[in-house]
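Keep in mind the model is a prediction, meaning the values are calculated, not measured.
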Amino acid sequence: MEAVAVIVALMFAVFVALGVIAVVRSVRAVKRGVDRTVTQARRTVEDTRLKAKQYVQPGAPGEVAELRLSLRTSMRATQEALRAAAPDDPSLSEALALFKRLSTHGQEIDADLKRLEAEPDKARVAGSLPELRERVERVTHSADSLRWAAQDRARQFADDDLAMLSEQIRMEAGALRHWTTEEEPQAAPTGAGAGARTPGAGAGTGSSAGAGAEGVTAPEAEPERPAITARDAWRQPGYSWQKTRRPESTT
């Protein structure tokens, strides 16, 4: 009885531990989902605010909003493209590492633009814009280059796979139509072959004529047999499901 009680206690403890692990994992998954939703919502709100500020506030504030929006859009598009293609193409791991380093510079520039956005001194904002614009262009150009290269690589792989598949289908279609190679028509005798037989016949006639002139009797020529002897119609093989034709003399 004591052994049974110990086993039951151990099983209960195992079930409790499994239940706790399942609850913890569920809570973490829900937390990750909530964090992801909150991050996307904040991103959407920030992008909407920057778009509105870009068109509503002209001058330096609108240009700062435009630079931030351009930087965020380019970096986000490149990140999504690389993450989507990385599971199918392990060679993009180096590109992901480079993009992480580039993201650090992009975050720094975005923080500088955000501080400049809240700067009340318009002259300072106007003086800092050229340098920040150049940095934004460099970062966005690098991000666009990575994204375009990954997209071109995926497109090239798809084109190569489609070309290989088309070639395999063409070969399989030819193998399925194997009877087309077996039913090629026989070539008719050419004029050269027919002409080659004429001199022989002429030579034979000439030799016979010469022999007759000398008084020597030439042996009679053996009657010529056809090269291919035709079969009787009732002996021709047919398919297994066809009945064999019998000659008329058979009752």
Side-chain angles (χ1 to χ4, degrees), residues 1-52 65 67-115 117-118 135-136 138-169 171-172:
M1 294 296 294
E2 295 180 359
V4 174
V6 171
I7 293 174
V8 172
L10 288 175
M11 292 179 62
F12 180 76
V14 170
F15 289 150
V16 171
L18 291 176
V20 171
I21 292 174
V23 170
V24 171
R25 288 185 176 179
S26 300
V27 171
R28 288 180 179 176
V30 172
K31 185 177 182 299
R32 286 195 299 268
V34 172
D35 293 342
R36 190 182 304 112
T37 303
V38 171
T39 302
Q40 292 177 356
R42 289 178 178 175
R43 183 183 302 165
T44 303
V45 171
E46 185 69 13
D47 291 345
T48 304
R49 186 185 68 83
L50 291 174
K51 288 180 181 179
L67 290 177
R68 287 195 65 195
L69 186 62
S70 174
L71 178 64
R72 292 163 63 91
T73 303
S74 177
M75 297 296 290
R76 188 181 308 121
T78 303
Q79 183 181 21
E80 293 176 356
L82 292 178
R83 286 183 177 179
D88 298 332
D89 191 359
S91 60
L92 291 179
S93 58
E94 182 66 23
L96 281 172
L98 292 175
F99 179 75
K100 288 181 180 179
R101 295 173 56 187
L102 184 65
S103 298
T104 303
H105 293 278
Q107 293 171 0
E108 292 176 356
I109 297 174
D110 186 69
D112 293 341
L113 288 171
K114 194 172 183 179
R115 285 192 297 268
E117 189 178 7
R135 292 172 63 189
V136 168
R138 291 173 61 185
V139 172
T140 54
H141 177 72
S142 299
D144 293 342
S145 298
L146 281 176
R147 184 177 69 255
W148 294 337
Q151 292 173 351
D152 293 343
R153 183 180 178 85
R155 189 181 304 109
Q156 183 63 38
F157 282 165
D159 292 342
D160 293 343
D161 185 67
L162 180 59
M164 185 180 301
L165 179 60
S166 301
E167 181 64 19
Q168 292 176 355
I169 291 176
M171 295 176 62
E172 181 64 20

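In this structure, CD in Gln156 is found 14.5 Å from CD in Gln151, a value given to the nearest 0.5 Å. How far CG of Asp110 is from CZ of Arg135: 11.0 Å, rounded to the nearest 0.5 Å. Separation of atoms CG (Leu146) and CD (Gln79) is listed at 12.0 Å; rounding is to 0.5 Å. Expressed to the nearest 0.5 Å, how far CD1 of Ile169 lies from CE of Met171 amounts to 12.0 Å.
The two residues Thr140 and Leu71 come nearest to each other via the heavy atoms CG2-CA, 4.0 Å. When every heavy atom of Leu92 is checked against every heavy atom of Ala85, the shortest pair comes out as CD1-CB, 3.5 Å.
Put simply, the side chain of Thr73 never gets that close to the backbone of Ser70: no donor and acceptor are under 3.5 Å apart.
Applying the side-chain hydrogen bond (donor to acceptor under 3.5 Å, both in side chains) test to Ser74 and every residue at least two apart in sequence or in another chain returns Asp144. By the side-chain hydrogen bond (donor to acceptor under 3.5 Å, both in side chains) test, Arg76 is found to be paired with Asp47, residues two or more places apart in sequence or in another chain being considered. Residues satisfying the salt bridge (charged side-chain N to carboxylate O under 4.0 Å, His left out) test with Arg155, not counting sequence neighbours, are Asp152. By the side-chain hydrogen bond (donor to acceptor under 3.5 Å, both in side chains) test, Ser91 is found to be paired with Asp89, Arg153, residues two or more places apart in sequence or in another chain being considered. Partners of Glu94 by side-chain hydrogen bond (donor to acceptor under 3.5 Å, both in side chains), not counting sequence neighbours: none found.
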Counting only pairs under 3.5 Å, give me each side-chain donor-acceptor contact of residues 95-106, with atom names and distances, residues two or more places apart or in other chains.
from, atom 1, to, atom 2, distance (Å)
Ser103, OG, Phe99, O, 2.8
Thr104, OG1, Lys100, O, 3.2

